[in-house]
There are 2 protein chains.
Amino acid sequence: MTASAARADTRLSPRKRAGNGPARRIDADEIGLDALVGHAGYAVRRFQIWIFQDFIKTLGDVDIRPTQYSVMTVIGANPGLSQMAVAKRLGIERARLVHLLDSLEQRKLVKRIKSKADRRSHALHLTAQGETALAKFKRLAAEHERHVEAKIGKENRERLLQILAGFT
Amino acid sequence: MTASAARADTRLSPRKRAGNGPARRIDADEIGLDALVGHAGYAVRRFQIWIFQDFIKTLGDVDIRPTQYSVMTVIGANPGLSQMAVAKRLGIERARLVHLLDSLEQRKLVKRIKSKADRRSHALHLTAQGETALAKFKRLAAEHERHVEAKIGKENRERLLQILAGFT
DNA sequence: GGAAGATTGTTGTTGACGACAACAATTGCC
DNA sequence: GGCAATTGTTGTCGTCAACAACAATCTTCC
């Protein structure tokens with residue numbers, strides 16, 4: 001079922017089939033994308049939507065979204081980071097990180113500790129509760145990753161990670 | 001360097017390096033992502049952001065965003081489609097497509113023609129101006145695609161398209 | 001040592017986008 | 001002929017990226 005793509009570009013162009021309206025019912029599966037096939041951005045966008053939806057669903061019970069997971073993972077692996085450091089590392093704006101941390105702090109998963117070295121900044125840590133929660137999140141994330149494998153194949157997933165390793 | 005994924009889970013944890021704050025200046029490039037590396041979703045998200053930004057910049061002079069481009073491409077290749085058909089094909093909601101078409105119609109690139117076969121629906125067409133404009137957009141999109149090649153390599157781009165072909 | 005400029009966290013706004021819900025007009029079905 | 005489904009539209013809500021402005025604080029430079 002997944003192997004049925006990658007043609008489509010070389011089908012006889014359906015151009016100007018209809019004068020001012022479709023005479024026949026169009027099945028929406030048989031619409032030629034033409035130039036759209038072959039655009040990396042389009043494929044990546046569609047895939048990203050799919051993968052995020054599966055992540056959100058798989059971690060739906062614990063109510064954790066991909067960005068929240070990435071923030072907790074980075075803090076868990078590097079306790080004491082400032083908000084700027086986390087934002088820069090994850091490529092999110094510090095303005096946005098404020099709300100993310102507000103939410104995570106309300107849920108007692110993360111805490112902001114005033115840094116004594118630089119009184120402008122906060123040192124970010126997971127709470128004890130946050131540590132055990134993150135462990136559970138990681139198990140669910142691993143399950144999500146298996147869904148990805150099931151979707152595109154184990155070796156394709158690894159090739160993908162290899163190709164995109166420069167963006168992490 | 002690109003082969004360095006898929007371990008990550010088994011590195012000695014740098015946990016608890018800092019008591020309540022970073023003693024040393026952290027360079028934000030040397031922050032361990034640990035479990036984040038190895039997550040397909042994270043890599044794909046970062047890549048998608050990069051690729052969209054390049055697309056928007058490359059087509060900045062003509063003020064066309066990726067979604068607008070995809071809509072015009074589909075209409076150009078399949079004149080007379082209804083809004084539902086386009087929405088379903090591109091995976092966008094029909095509610096959202098309304099605004100996209102409003103914008104494109106104001107710019108005289110697309111026109112909605114009342115279908116006589118089904119008076120509920122509109123047959124979508126490019127205007128003459130839209131046709132020539134789309135040709136220019138496609139040239140710029142091809143230039144963008146070359147940027148992608150330059151970023152990840154020609155053969156990696158093609159492998160990527162192959163892997164994700166099922167999502168187009 | 002003090003003024004000038006940079007950095008950090010915060011608040012706010014804007015716009016693109018996905019997800020829903022409701023609605024009128026129209027079509028298809030039984 | 002009547003009732004469910006479809007199509008386009010309008011609206012709301014929440015997520016997210018991109019900016020801009022601001023107070024507090026640090027750094028730099030004279």
Side-chain angles (χ1 to χ4, degrees), chain A residues 21-22 25-28 41-42 45-46 48-57 60 63-71 80-103 105 110 112-124, chain B residues 21-22 25-28 41 45-46 48-57 59-60 63-71 80-105 110-124:
Chain A
R25 251 303 171 253
I26 304 249
D27 218 0
Y42 182 72
R45 168 178 164 262
R46 297 298 296 260
Q48 199 257 352
I49 290 173
W50 179 90
I51 209 169
F52 264 48
Q53 278 174 346
D54 184 86
F55 187 98
I56 292 169
K57 199 198 314 175
D63 193 28
I64 285 290
R65 315 191 92 254
T67 314
Q68 297 175 311
Y69 177 77
S70 69
V71 169
L81 285 186
S82 71
Q83 298 186 193
M84 260 311 286
V86 172
K88 244 192 271 184
R89 186 59 188 88
L90 291 177
I92 59 189
E93 281 178 281
R94 62 189 204 277
R96 166 133 186 69
L97 187 60
V98 171
H99 301 296
L100 284 168
L101 289 175
D102 285 349
S103 155
E105 205 170 24
V110 165
R112 291 186 248 223
I113 300 179
K114 288 194 198 174
S115 168
K116 304 204 169 182
D118 184 343
R119 283 163 44 226
R120 294 170 302 180
S121 69
H122 296 154
L124 301 175
Chain B
R25 249 307 170 246
I26 303 250
D27 218 359
R45 167 177 165 261
R46 297 298 297 259
Q48 199 257 352
I49 290 172
W50 180 89
I51 209 169
F52 265 49
Q53 279 173 344
D54 185 86
F55 187 99
I56 292 168
K57 199 199 313 175
L59 281 87
D63 192 28
I64 286 290
R65 314 192 94 255
T67 312
Q68 297 175 312
Y69 177 78
S70 70
V71 169
L81 283 186
S82 71
Q83 298 185 195
M84 260 312 287
V86 171
K88 243 191 272 184
R89 187 60 188 89
L90 290 177
I92 57 188
E93 282 178 281
R94 62 189 203 280
R96 166 127 187 74
L97 187 59
V98 171
H99 301 297
L100 285 167
L101 289 175
D102 285 349
S103 156
L104 293 175
E105 205 170 23
V110 164
K111 56 187 166 191
R112 289 186 250 223
I113 300 180
K114 289 193 198 172
S115 169
K116 306 203 169 182
D118 185 341
R119 284 162 44 223
R120 292 171 301 181
S121 70
H122 295 154
L124 301 176

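Order of the sequence lines sets the chain letters (A, B, ...), proteins ahead of strands, with each chain counted from 1. All values below were derived from every heavy atom in this structure, side-chain atoms included, with hydrogens, water molecules and symmetry-related copies excluded. Everything numeric here is computed off the predicted structure, so don't read it as measured data.
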Problem set entry | DNA chain C: 5'-proximal contact among Ala95(B) and Leu100(B) (nearest heavy atom) | Leu100(B)
Problem set entry | Arg65(B) side-chain N/O to dG15(C) phosphate OP1/OP2 under 4.0 Å | no
Exercise. Counting only distance, no hydrogens or angles, is the base of dT27(C) paired donor-acceptor with the side chain of Arg120(B) under 3.5 Å?
Worked result: no
Problem set entry | First encountered from the 5' end of DNA chain C, between Ile92(B) and Ser121(A) | Ser121(A)
For this session: Please report, rounded to the nearest Å, how far the C1' atom of dG8(D) is from the CG atom of Leu81(B).
Result: 15 Å
Problem set entry | Min side-chain heavy-atom separation Ile113(A)-His122(A) under 4.5 Å | no
Problem set entry | Glu93(A) CD to dT15(D) P, straight-line distance once rounded to whole Å | 17 Å
Seminar exercise, completed: In this structure, NE2 of His99(B) is separated from CD of Glu93(B) (nearest 0.5 Å) by 10.5 Å
Seminar exercise, completed: Taken to the nearest whole Å, CG/Asp102(A) to C1'/dT15(D) is 16 Å
For this session: Return the value, rounded to whole Å, for the distance between atom CD of Gln48(B) and atom P of dC16(D).
Result: 13 Å
Exercise. Which one, dT10(C), dC20(C), dT7(D), comes nearest to the side chain of Val98(A)?
Worked result: dT10(C)
Exercise. Any side-chain N or O of Gln83(B) under 4.0 Å from OP1/OP2 of dT9(D)?
Worked result: yes
Exercise. Taking Arg65(B) for the side chain and Phe55(B) for the main chain, is one N or O donor matched with an acceptor at less than 3.5 Å?
Worked result: no
Exercise. Quick one: does Gln68(B)'s side chain have a donor or acceptor within less than 3.5 Å of a partner on Leu104(B)'s backbone?
Worked result: no
Exercise. Counting side-chain heavy atoms from CB outward, which of dG9(C), dA22(C), dT10(D) is closest to Arg94(B)?
Worked result: dA22(C)
Problem set entry | Residue-phosphate contact under 4.0 Å: Thr67(A) side-chain N/O, dC16(D) OP1/OP2 | yes
Exercise. How long is the line joining CH2 of Trp50(B) and C1' of dA17(D), in whole Å?
Worked result: 18 Å
Problem set entry | Check: Arg96(B) side chain, dG18(C) base, donor-acceptor under 3.5 Å | no
Exercise. Which residue lies toward the 5' end of DNA chain D, Gln53(B) or His122(B), if each is placed at its nearest nucleotide?
Worked result: His122(B)
For this session: Measure from CG on Asp63(B) to P on dG15(C) and round the result to the nearest Å.
Result: 13 Å
Exercise. Under a 4.5 Å cut-off applied to non-hydrogen side-chain atoms, are Ile92(A) and Val71(A) in contact?
Worked result: yes
Seminar exercise, completed: In whole angstroms, the gap separating P of dG9(C) from CG of Leu101(A) amounts to 9 Å
Problem set entry | Along DNA chain D (nearest heavy atom to each residue), the more 5'-positioned of Phe52(A) and Arg119(A) | Phe52(A)
Exercise. To the nearest Å, how far apart are Leu124(B) CG and dG8(D) P?
Worked result: 7 Å
